K.L.:
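Please read through the structure below; I'll follow up with questions.
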Number of protein chains: 2
Amino acid sequence: MSQQRAQSSGVASGGGPGFPDLPEATVARLPEYLRALHNLADAGHDTVSSEGLATAAGVNSAKLRKDLSHLGSYGTRGVGYDVTLLIEQIEQVLGLHETRAVALVGIGNLGHALARYAGFASRGFHIAALFDADRDRVGELVNGMAVRHMSDIAAVVADEGISIGVIATPADAAQVVADDLVAAGVTSILNFAPCVLAVPDGVDVRKVDLAIELQILSFHEHRKSTLTALPAKVVGQ
Amino acid sequence: MSQQRAQSSGVASGGGPGFPDLPEATVARLPEYLRALHNLADAGHDTVSSEGLATAAGVNSAKLRKDLSHLGSYGTRGVGYDVTLLIEQIEQVLGLHETRAVALVGIGNLGHALARYAGFASRGFHIAALFDADRDRVGELVNGMAVRHMSDIAAVVADEGISIGVIATPADAAQVVADDLVAAGVTSILNFAPCVLAVPDGVDVRKVDLAIELQILSFHEHRKSTLTALPAKVVGQ
DNA sequence: AGGCATTTGTGAAGACTTGCACAAATCGCG
DNA sequence: CGCGATTTGTGCAAGTCTTCACAAATGCCT
Ligand SMILES: NC(=O)c1ccc[n+]([C@@H]2O[C@H](COP(=O)([O-])OP(=O)(O)OC[C@H]3O[C@@H](n4cnc5c(N)ncnc54)[C@H](O)[C@@H]3O)[C@@H](O)[C@H]2O)c1
Ligand SMILES: NC(=O)c1ccc[n+]([C@@H]2O[C@H](COP(=O)([O-])OP(=O)(O)OC[C@H]3O[C@@H](n4cnc5c(N)ncnc54)[C@H](O)[C@@H]3O)[C@@H](O)[C@H]2O)c1
């Protein structure tokens with residue numbers, strides 16, 4: 001059993017044929033760079049400077065250059081980065097060249113919104129199956145896809161080659177669902193339920209908790225109202 | 001204009017009557033401790049050790065103790081922390097003793113789910129108003145509350161004392177909405193649209209991007225499949 | 001061809017965060 | 001009352017991340 005949150009930031013690779021060490025903080029920013037690059041490409045830019053891309057991604061340009069330097073040297077001094085080439089490189093590193101199949105579990109309020117969201121498909125993910133424990137929900141069509149019962153999960157995950165599971169069930173069901181997903185062969189989980197999940201080594205978990213985000217904002221609101229006239233800057237995530 | 005992401009981690013207070021410096025990393029964990037404490041309280045626990053709370057919150061116990069030490073000393077050596085007292089303290093620090101009014105903008109797929117979500121109210125937030133630019137949506141009842149048009153935003157934010165805005169519009173509308181929210185007097189924004197927002201100093205922005213979360217998981221999936229037999233631990237957020 | 005403006009890639013310094021290890025404090029019990 | 005078991009609070013060291021500052025590389029212009 002491993003607990004939430006990482007302690008080792010460096011993503012080791014050894015001397016194998018794989019990719020070089022990539023700091024976790026860098027990995028977390030690459031998707032943001034990628035999004036900004038797609039916008040630039042759509043706007044017709046062929047190249048972009050670190051300054052321009054950094055602004056578009058909302059980061060410091062030195063940080064951006066250091067991040068990109070970890071992928072190798074794909075910029076041209078005096079010119080900048082080739083937008084198309086850099087997109088290609090980042091997608092390669094993030095493993096987005098192959099579409100990943102995702103299972104969505106818990107088709108309630110949030111699950112419906114996620115199932116209907118087009119933004120996943122356009123960024124390399126394919127929602128391959130919807131699951132719920134409620135027999136009344138099974139069979140319902142959401143965005144053209146039928147909701148299946150949890151009892152099918154092992155077979156479907158195997159058949160569809162699903163590697164990522166998204167949990168959108170109530171918190172008290174999340175651990176059971178996580179166990180089911182892991183047993184079915186899922187090795188990455190995105191958890192929307194407000195709870196800590198225990199999973200075996202080798203399984204990655206990321207958590208999104210909206211109430212936590214609001215509470216962090218609340219802290220800064222509180223601070224702003226308590227202490228007058230402080231130059232409160234934008235809060236990092 | 002300030003850009004996304006913070007650089008200064010220490011949350012300054014000067015020597016004023018307010019709270020001591022609180023590292024940003026600590027602030028981000030306090031809500032998690034709070035949730036775990038509420039669970040413990042519901043389960044009938046009066047006190048909890050740093051080890052027990054750390055496990056429930058998914059963190060290292062030394063880190064938890066250091067975090068709590070920043071709030072002052074509210075534990076008892078040899079015993080642990082008083083659950084009720086600690087809840088009280090953390091809520092105080094996070095500014096949750098007063099309910100905060102929230103405006104939700106963009107009542108589409110995601111907006112509907114957020115509007116119907118009960119978890120906000122139970123954690124100190126009150127969704128005070130729903131806004132959309134689509135005249136066909138205005139007037140629609142969601143969870144017993146009518147959707148209002150964007151043109152009302154200034155008046156409603158002032159009337160309801162709204163300090164936090166949640167943006168759930170498409171990305172290309174998000175900056176305009178942010179500008180409207182700020183102009184209306186909102187000083188904290190939670191942004192679900194996949195884009196960087198520019199806001200004046202004094203306004204805090206936090207971003208939630210589901211595609212980014214999936215892409216980070218994708219990176220680790222890619223790494224796991226490329227490099228064999230590595231003890232990949234759980235990924236921190 | 002040479003010089004100049006531009007921009008990358010990176011060494012080094014500094015800031016922040018984590019985790020260990022242990023002294024100090026507290027409680028329960030004999 | 002004193003002692004041992006327990007658990008907090010924290011100094012310190014190690015690790016990670018950010019930022020500055022500048023040499024090196026590149027392209028453009030004359
Ligand atoms: N709705 C939101 O905007 C929102 C926001 C933040 C967090 N969340 C969190 O997301 C989760 C889902 O929220 P929601 O509003 O969609 O809740 P919901 O009650 O509308 O939906 C939960 C769904 O999970 C299904 N479910 C329950 N137990 C299950 C199990 N063991 N296996 C499979 N499916 C099961 C239920 O049948 C239901 O369809 C909750 O944990 C909530 O705290 C929701
Ligand atoms: N649905 C999801 O699960 C999901 C997941 C991740 C991210 N997102 C992001 O959240 C945002 C909303 O997603 P969605 O699926 O709900 O989209 P949607 O199209 O269903 O809803 C968007 C809503 O915003 C309204 N709107 C448009 N322009 C506006 C303006 N200027 N002012 C006020 N309202 C305006 C529209 O009328 C519509 O009701 C998008 O940016 C999307 O990328 C959604």
Side-chain angles (χ1 to χ4, degrees), chain A residues 3-12 20-30 32-33 45-83 85-86 89 233-237, chain B residues 3-12 20-30 32-33 45-83 85-86 89 233-237:
Chain A
Q3 280 302 327
Q4 210 94 347
R5 313 261 159 200
Q7 67 287 39
S8 71
S9 175
V11 176
D21 284 0
L22 218 41
E24 189 61 33
T26 295
V27 173
R29 283 187 294 266
L30 289 180
E32 194 76 49
Y33 302 156
H45 291 75
D46 291 329
T47 63
V48 64
S49 68
S50 64
E51 192 62 41
L53 182 54
T55 301
V59 301
N60 175 300
S61 68
K63 183 152 59 178
L64 177 120
R65 286 198 299 277
K66 184 144 288 184
D67 282 343
L68 295 186
S69 77
H70 288 124
L71 314 185
S73 298
Y74 294 104
T76 306
R77 297 179 188 215
V79 178
Y81 298 89
D82 181 290
V83 172
L85 178 63
L86 196 50
Q89 280 302 321
K233 278 270 182 172
V234 175
V235 183
Q237 177 166 3
Chain B
Q3 279 303 324
Q4 210 95 349
R5 314 260 159 198
Q7 67 286 39
S8 70
S9 175
V11 177
D21 284 358
L22 219 41
E24 190 60 33
T26 295
V27 173
R29 283 187 294 265
L30 289 180
E32 194 76 48
Y33 302 157
H45 291 74
D46 291 329
T47 64
V48 64
S49 69
S50 64
E51 192 62 41
L53 183 54
T55 300
V59 302
N60 175 300
S61 69
K63 183 153 59 178
L64 178 123
R65 285 198 300 277
K66 186 148 289 185
D67 283 341
L68 294 186
S69 76
H70 288 124
L71 312 186
S73 297
Y74 295 104
T76 307
R77 298 179 187 214
V79 178
Y81 298 90
D82 181 292
V83 172
L85 177 63
L86 196 49
Q89 280 303 320
K233 276 271 183 172
V234 175
V235 183
Q237 177 169 2

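Hydrogens, waters and symmetry mates are skipped; everything else that's a heavy atom, side chains included, is used. Keep in mind the model is a prediction, meaning the values are calculated, not measured. So that the names make sense, note that chain A is the first sequence line, chain B the second, and so on, each numbered from 1.
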K.L.:
When you measure from the side-chain N and O atoms of B:Tyr81 to the phosphate of D:dG9, is any distance below 4.0 Å, counting only OP1 and OP2?
P.N.:
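Yes, B:Tyr81 has a side-chain N/O under 4.0 Å of OP1/OP2 on D:dG9.
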
K.L.:
Would you kindly check whether a donor in the side chain of B:Arg77 faces an acceptor in the base of D:dT7, or vice versa, at under 3.5 angstrom?
P.N.:
no

K.L.:
Whole angstrom is fine here: how far is it from CG in A:Asp67 over to C1' in D:dT18?
P.N.:
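Nearest whole value for this atom pair: 10 Å.
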
K.L.:
In terms of the nearest nucleotide of DNA chain D, which residue is placed more toward the 5' end: A:Gly78 or A:Ala62?
P.N.:
A:Ala62

K.L.:
Go through C:dG9, D:dT8, D:dT10 for me and flag the one nearest to the B:Ser69 side chain.
P.N.:
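Nearest to the side-chain atoms of B:Ser69, counting from C-beta on, is D:dT10.
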
K.L.:
Rounded to the Å, how far apart are A:Lys66 NZ and C:dA13 P?
P.N.:
12 Å

K.L.:
Does D:dT18 have its OP1 or OP2 closer than 4.0 Å to a side-chain nitrogen or oxygen of A:Lys63?
P.N.:
yes

K.L.:
Is the shortest side-chain N/O distance from A:Arg29 to OP1 or OP2 of D:dT18 below 4.0 Å?
P.N.:
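For A:Arg29, the contact criterion (side-chain N or O under 4.0 Å from OP1 or OP2 of D:dT18) is met.
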
K.L.:
Check this one for me: any side-chain N or O of B:Ser50 less than 4.0 Å away from OP1 or OP2 of D:dT8?
P.N.:
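For D:dT8, OP1 or OP2 has a side-chain N or O of B:Ser50 closer than 4.0 Å.
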
K.L.:
On DNA chain D, nearest-nucleotide positions of A:Thr26 versus A:Arg65: which is more 5'?
P.N.:
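In this pair, the answer is A:Thr26.
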
K.L.:
C:dT17 phosphate, OP1 or OP2: any side-chain N/O from B:Asn60 under 4.0 angstrom?
P.N.:
no

K.L.:
Which pair of heavy atoms, one from B:Ala54 and one from B:Ser61, lies closest together, and at what distance?
P.N.:
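That would be CB-CA, 3.5 Å.
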
